[in-house]
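Throughout, protein chains are lettered first and strands after them, A, B, ... in sequence-line order, and every chain is numbered starting at 1.
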Amino acid sequence: MLLIPCPWCGPRPENEFHYGGEAGIVRPVDPAAVDDAAWAAYLYHRTNPKGLHRERWRHQFGCGRFFNATRDTVTDQITGTAKP
Amino acid sequence: MRFSLVSLARQAFGGAAWPRQWREAEPKPAYDVVIVGAGGHGLATAYYLAKEHGIRDVAVLDKGWLGGGNTGRNTTIIRSNYLQDESAAIYEHALKLWETLSGELNYNVMYSPRGVMMLAHNEHDTRVFKRHVHANRLQGIDNEWLTPQQAKAFCPPLHVGTDARYPVLGAALQRRGGVARHDAVAWGYARGASAMGVDIVQNCEVTGISRQPNGAVAGVETTRGTILANKVAVVAAGHTSVLMGMAGVRMPLESFPLQALVSEPVKPVMPCVVMSNTVHAYISQSDKGELVIGAGTDAYTSYSQAGGLHISSHTLEAICELFPSFRRLRMLRSWGGIVDVTPDRSPIIGLTPVPGLFVNCGWGTGGFKATPGSGHVFAATIARGEPHPIAAPFGLDRFRTGRLIDEAAAAAVSH
């Protein structure tokens with residue numbers, strides 16, 4: 001179980017959190033205006049890196065707030081968090 | 001050597017060392033086809049390329065050892081009772097190949113159709129599994145509905161009392177489902193492919209995918225030098241995103257650690273495979289006597305090959321509730337494998353935007369059962385340069401067209 005440093009509450013066990021996937025995936029402003037490839041990229045395509053990963057977490061059973069974290073997907077070490 | 005009763009007896013009493021079952025190959029500068037990943041799917045692909053398509057100038061590269069990834073880490077469950085017609089076709093194709101695989105390879109893969117029983121614990125499960133049973137019967141695939149008492153009769157250690165937190169309300173049983181020896185599948189395919197001239201190159205990590213001036217694949221860069229090939233097939237499970245990234249292709253995949261564990265060995269106690277999506281557990285017994293238990297995936301993407309302890313504890317709690325007699329068993333080992341999960345829980349098999357580059361991935365938490373069928377249709381896809389009819393619905397393009405093959409309910413591991 002990871003010990004996740006919530007930027008508001010401090011380090012808390014992983015089961016207080018909900019994983020939100022890769023950070024920085026931006027929904028197209030006008031979905032009807034983009035083509036199928038761009039829409040598929042938004043919905044499905046992910047970087048899935050082996051190494052540093054910028055990702056979203058929500059402190060679901062704590063303060064309830066979202067934040068971004070950077071984690072090494074090989075060691076699972078969280079190297080930094082940022083308030084949105 | 002070809003295995004037979006006579007050859008086994010001669011070997012057993014002759015005292016000579018067993019011969020190596022496949023050649024340890026040095027990489028050549030060029031091949032017709034390079035397959036990246038010497039797991040079951042990659043080795044099966046090489047085997048069928050050589051056997052059915054006469055393409056024997058093939059290398060199978062692996063960064064580690066043969067069958068050391070998910071092939072050697074899964075819980076060996078085989079079944080074909082998926083919901084959608086496309087899935088039923090490919091998993092049933094695989095199941096039919098399993099039935100004759102030991103004879104085909106002249107290598108005992110210990111396929112044991114002992115029955116796979118999927119438990120229903122609530123109204124939703126019951127409806128979903130009955131829908132699966134009806135869909136499977138229309139597809140010509142065996143799957144039947146059992147009452148709790150019938151489930152208990154089929155699997156005596158199962159607790160079907162109403163005092164459980166999630167009592168068993170019924171079960172879907174595929175009698176032709178079962179297990180096989182996972183390592184033997186990799187070894188058997190490796191032996192068969194190697195005998196037909198395929199080079200299996202271990203400890204050879206692919207570090208780049210090189211391209212021709214027109215954009216087509218030129219070969220791969222590896223830790224053991226450059227290898228040229230006009231056709232490169234990526235069969236790398238959890239590391240597919242990393243490899244495809246070398247060719248500039250972004251994949252609809254996320255990689256998660258999936259855990260399994262085994263108990264201390266005991267006498268035969270578990271006659272079949274039991275799976276439960278709702279309480280999340282799956283369990284069978286190996287021929288060594290260990291109970292083989294599948295746990296879940298971690299919530300976050302990772303390449304760590306080790307999952308959180310709370311994931312396996314959660315599964316063991318469910319096992320203890322379903323099988324009270326297993327409560328005092330000790331667990332011997334646990335491990336993780338990196339599984340590549342697609343948005344619709346169905347695999348991706350076929351061509352890619354890069355000419356000459358093929359991919360077979362996205363098997364997620366349930367790829368072992370498909371090994372022979374996956375390799376068979378992927379070999380045809382590579383040989384012909386167009387998807388095999390069974391593989392065609394599983395193309396990468398489905399995420400753009402929206403023709404997804406939703407198997408979220410069929411996958412036992414919730415994710």
Between B:Ser374 and B:Asn360, does the side chain to side chain donor-acceptor pair (under 3.5 Å) criterion hold? Intermediate values first, please. CA-CA 8 Å; B:Ser374 159; B:Asn360 183 348; 2.8 Å; yes
If you count heavy-atom pairs under 4.5 Å between each of A:Trp39, A:Trp57, A:Phe17 and chain B, which one has the most? A:Trp57
Take atom CZ of B:Arg224 as the centre, draw a 6.0 Å sphere, and report whether it contains more than 12 heavy atoms from other residues, nucleotides or ligands. yes
So which part of A:Tyr19 gets closer than 4.5 Å to some heavy atom of chain B, the side chain, the backbone, both or neither? side chain
In terms of heavy-atom proximity below 4.5 Å to chain A, should B:Leu396 be classed as side chain, backbone, both, or neither? neither
Heavy-atom pairs under 4.5 Å with chain B: which of A:Thr47, A:Leu43, A:Asn15, A:Asp35 has the most? A:Thr47
Part of A:His45 within contact of chain B (heavy atom distance under 4.5 Å): both
Within 45° of the axis and under 6.0 Å from the centre of the six-membered ring of A:Phe66, does NZ or CZ of A:Arg56 qualify? yes
Non-hydrogen atoms of chain A under 4.5 Å away: do they reach the side chain of B:Leu309, the backbone, both or neither? backbone
Kindly check if the number of other-residue, nucleotide or ligand heavy atoms within 6.0 Å of CH2 (B:Trp65) is above 12? no
Flag for A:His53-A:Glu22: side-chain donor and acceptor within less than 3.5 Å: no
